[in-house]
Every structure is written in structure tokens, then in C-alpha cells.
> 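Sending over a structure as C-alpha cells; questions will come in a sec.
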Amino acid sequence: MKKSVLFGALTVASLAAGAAAAGTLDDVKARGKLNCGVVTGLAGFGAPDANGEWKGFDVAICRAVAAAVLGDASAVEFVPTTGKTRFTALASGEIDLLARNTTWTFSRDVDLKFDFIGVNYYDGQGFLVPKELGVSSAKELDGATVCIQTGTTTELNLADFFRVNNISYEPVPIETNAEGQQQYLAGACDAYTTDASGLAATRAAFEDPSAHVILPEIISKEPLGPLVRHGDNNWGDVVRWTLNALITAEELGVTSTNVSEIASNTENPEIRRLLGTEGTLGEMLGLDNEWAKRAILAGGNYGEVFAQNIGETTPIGLARGLNAQWTDGGLLYAPPFR
């Protein structure tokens with residue numbers, strides 16, 4: 001078992017090293033399209049709408065990068081990936097960027113040879129149960145069957161939680177969120193566990209969301225963010241600073257509706273550097289000076305993207321919490337544009 005895990009890690013790392021050498025920014029420009037890995041379907045985060053158009057909180061990162069690099073937020077090929085297939089797809093070069101609720105961990109960063117370019121959602125693992133189960137705490141789940149997505153950090157977190165609390169469980173392995181939702185609703189498991197944001201998105205899709213409860217325990221740290229391959233620092237910089245541009249735009253009051261007006265009139269030096277009316281930050285990235293302006297126009301600043309896709313007025317209904325700006329008591333903080 002240890003040998004197979006090691007071989008798998010080495011294979012992914014070897015693929016990543018080879019694919020990164022090509023120069024992803026040049027490849028994307030030459031192709032005229034960004035290949036972006038996303039989830040197979042999770043309401044609010046990444047899913048096709050009735051017209052087949054991909055939308056969601058993570059999808060917005062793909063579109064912002066495409067707008068920054070190619071000048072067209074729609075120039076994206078979305079590649080659905082599962083917990084098991086996502087890393088191979090990135091390492092092999094099938095996708096240029098992975099933007100799907102993926103947790104930044106030591107081994108994924110170092111052993112699998114990926115670079116997480118930042119955190120776009122601070123999360124933690126939770127539990128969803130039917131209200132009729134009569135459970136108010138995860139510590140009451142002794143002997144429960146639990147739906148768990150394979151190839152994820154949630155597997156180890158689940159085992160650790162039950163071990164620490166000296167209780168037992170029976171795992172029900174699933175491949176995708178859609179399968180987990182189906183199995184849970186069919187009664188194949190007593191509880192469903194994944195990131196709390198994913199549970200909120202899953203519950204929102206139920207016919208009667210009020211019949212299901214997200215238990216209070218958060219049993220892990222799950223810093224979720226986009227990632228690229230090791231060894232292609234230029235491309236990593238492009239994706240990293242595109243995310244930072246969306247975060248900084250919210251902090252500075254730059255939105256998708258006022259960005260053009262502010263670009264023409266502001267005397268704020270950081271806003272001027274961000275929007276390309278001063279300095280040469282775009283040139284440093286291998287882009288033109290309006291790259292960040294286009295990224296903001298694609299779907300809005302970080303706050304707009306959050307509110308439109310997963311915020312409190314959406315069916316997902318998530319409060320900002322840890323994902324509020326650092327000036328509002330949250331963890332959201334981008335380095336300076338200078």
C-alpha cells in the first residue's frame with residue numbers, strides 16, 4: 001500500500017516537472033484559451049447553469065485569469081475533475097490551473113510539486129445530518145455511516161476526529177459531490193462530511209433544506225485556493241496576482257461598476273498602480289498594464305464574487321466570517337501593489 005502511494009506521488013510530481021517546463025503563459029496566449037480545472041458540480045462554487053455556462057465562486061477565478069491574460073473572460077475551457085483526477089490533470093498539463101475547493105497542505109505543495117497561489121476561501125470540515133436523526137453534535141455520531149469523498153483531506157480528518165473522540169464510524173466512499181448527495185438522500189449514510197462551505201452548497205440544492213442540519217463542530221483547517229505546477233514561476237505570479245488584484249480591489253473600493261471611472265480620475269497611487277494608469281506592473285508579469293482592470297471587470301472584486309455566488313442573499317447563504325477583509329476582522333489580506 002505504501003509503495004503504491006509513493007509511486008502515485010512520484011508519478012504526479014514527475015508529470016508536473018515536465019509540464020511546467022513548457023511555459024504556461026506562452027502556451028495559454030498561443031492557444032487563445034485557458035484550460036481550467038473545476039469541480040464536477042457544486043452549487044455556488046462551480047457548476048453549469050441551465051444554458052451550460054459555468055458559474056460560481058471558483059469559476060470566477062478562471063474567468064478573471066482569462067480576462068487578465070487573454071482579454072476575454074469567456075476564453076476558458078472548463079475541465080471537470082474529481083478528488084482523484086484533479087492532481088493528475090494539473091500535473092500532466094491537461095489543465096493550466098486548478099480552481100476547485102482544494103485544500104493547501106504540506107504534501108500537496110512539496111511532495112506533489114504544486115504551488116498554491118493563495119487562499120480564496122478559508123474553510124473547515126463539518127458534518128451534515130438529517131434533522132430527524134436527532135443529533136446535535138458530531139460527537140454523538142458513534143457507529144454512524146458517513147459519506148466521504150475519496151482522494152481528499154476529509155478522509156484523514158474524519159479518521160482523526162473519531163479516533164480522538166474514541167468513537168467509531170463506517171465510511172461510505174463516494175467519488176463526487178453529486179454522488180454524495182444522492183447517497184445521503186437515499187439513506188446510504190447517516191451523515192455527509194466535507195468542507196462546511198460545500199455542505200451549505202449541497203444542502204441548498206435539496207428540496208427541503210430545512211430538514212437537514214450542519215452540526216456545529218468544525219474539525220479541521222481547510223485553506224482552499226487555486227494551484228499551478230511547480231517550476232513555472234511566471235505563470236504562478238500571473239495567477240497569484242490576479243487573485244490579489246480582486247482582493248485588493250475590494251479593500252480599495254474598486255468594483256466592476258466603478259473601475260473605469262476610478263481608473264480615469266483617482267489620484268490614489270496604489271489604485272493607479274493596480275489599474276495600470278501608473279507604473280509598469282503589467283510589464284513585469286508579461287502582460288499589458290490593464291490586466292487587473294480586466295480581471296475586476298470579468299466578475300467583480302472579491303466581495304462582489306463572494307456576494308453573487310455564495311453570499312448571504314444567495315441560496316448558499318454563507319456569511320463572510322474568516323473570509324472578510326483584514327480591516328473587518330477577517331483573514332483576507334493581499335500584499336501591496338507597488
Side-chain angles (χ1 to χ4, degrees), residues 1 5 37-48 56-58 80-87 98 100-103 105 108 121 123-224 310 315-318:
M1 181 66 177
V5 170
V38 290
V39 71
T40 53
L42 182 62
F45 285 87
F57 181 77
D58 289 326
T81 62
T82 68
K84 284 186 174 180
T85 65
R86 55 185 164 174
F87 298 131
L98 182 62
R100 69 174 306 282
N101 52 336
T102 297
T103 304
T105 69
R108 289 172 176 179
Y121 194 92
D123 209 346
Q125 184 175 335
F127 295 88
L128 178 70
V129 297
K131 188 177 287 186
E132 65 179 17
L133 193 63
V135 171
S136 59
S137 166
K139 295 178 182 179
E140 298 172 18
L141 291 174
D142 191 15
T145 51
V146 183
C147 282
I148 177 81
Q149 192 169 342
T150 55
T152 65
T153 56
T154 53
E155 288 184 287
L156 293 176
N157 295 337
L158 182 66
D160 287 349
F161 176 78
F162 275 79
R163 180 180 177 184
V164 166
N165 287 284
N166 197 30
I167 53 179
S168 65
Y169 71 100
E170 182 182 339
V172 179
I174 56 168
E175 292 287 337
T176 66
N177 184 67
E179 182 187 352
Q181 178 177 318
Q182 182 181 33
Q183 293 280 68
Y184 170 80
L185 290 175
C189 50
D190 300 311
Y192 183 24
T193 185
T194 187
D195 301 333
S197 64
L199 295 179
T202 298
R203 182 175 65 173
F206 291 168
E207 186 176 340
D208 182 10
S210 65
H212 304 270
V213 178
I214 297 176
L215 299 177
E217 287 86 358
I218 296 296
I219 68 170
S220 68
K221 292 185 297 185
E222 305 294 332
L224 308 178
I310 58 176
I316 313 303
L318 294 173

> Can you tell me how far the CG atom of Asp123 sits from the CG atom of Asn101, to the nearest 0.5 Å?
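That separation rounds to 8.5 Å.
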> Show the numbers, then the answer: is there a side-chain contact (heavy atoms from CB on, under 4.5 Å) between Phe127 and Ile219?
CA-CA 9 Å; Phe127 295 88; Ile219 68 170; 3.9 Å; yes
> With under 30° as parallel and over 60° as perpendicular, where do the rings of Phe162 and Tyr169 fit, or are they tilted in between?
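Aromatic pair Phe162/Tyr169 classed tilted.
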> With the side chain counted from C-beta on, respond yes when Thr81 and Thr85 share a heavy-atom pair under 4.5 Å apart, and no when they do not.
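Yes, close enough: below the 4.5 Å cut-off.
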> Check whether more than 12 heavy atoms from other residues, nucleotides or ligands sit under 6.0 Å from atom CG of Asn166, and answer yes or no.
no
> How about His212 and Tyr184: does a side-chain donor come under 3.5 Å of a side-chain acceptor?
yes
> About how many Å separate CG of Leu133 and CG of Leu141, when rounded to the nearest 0.5 Å?
7.0 Å
> Just to verify, which of Thr103, Thr153, Thr193, Asp195 counts as forming a side chain to side chain donor-acceptor pair (under 3.5 Å) with Gln125?
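Output: one option passes, namely Thr193.
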> Using the rule given for salt bridge (charged side-chain N to carboxylate O under 4.0 Å, His left out), can you reason through Glu175 versus Lys84, listing the C-alpha separation, both sets of side-chain angles and the distance that settles it, and then say yes or no?
CA-CA 8 Å; Glu175 292 287 337; Lys84 284 186 174 180; 3.4 Å; yes
> Give a yes or no on this: more than 12 heavy atoms of other residues, nucleotides or ligands lie within 6.0 Å of atom CD of Gln182.
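It does not: Gln182 CD has 12 such atoms or fewer within range.
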> Can you list the steps and then say if Thr202 with Asn177 is a side-chain contact (heavy atoms from CB on, under 4.5 Å)?
CA-CA 8 Å; Thr202 298; Asn177 184 67; 3.0 Å; yes
> In Å and rounded to the nearest 0.5 Å, what is the OH to CG distance from Tyr192 to Leu199?
7.5 Å
> In Å and rounded to the nearest 0.5 Å, what is the CD to OG1 distance from Gln181 to Thr194?
12.5 Å
> If I take atom CD from residue Glu170 and atom CG from residue Asp190, how far apart are they, to the nearest 0.5 angstrom?
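That separation rounds to 9.0 Å.
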> What I want to check is whether the side chains of Ser137 and Glu217 have a donor and an acceptor closer together than 3.5 Å.
yes
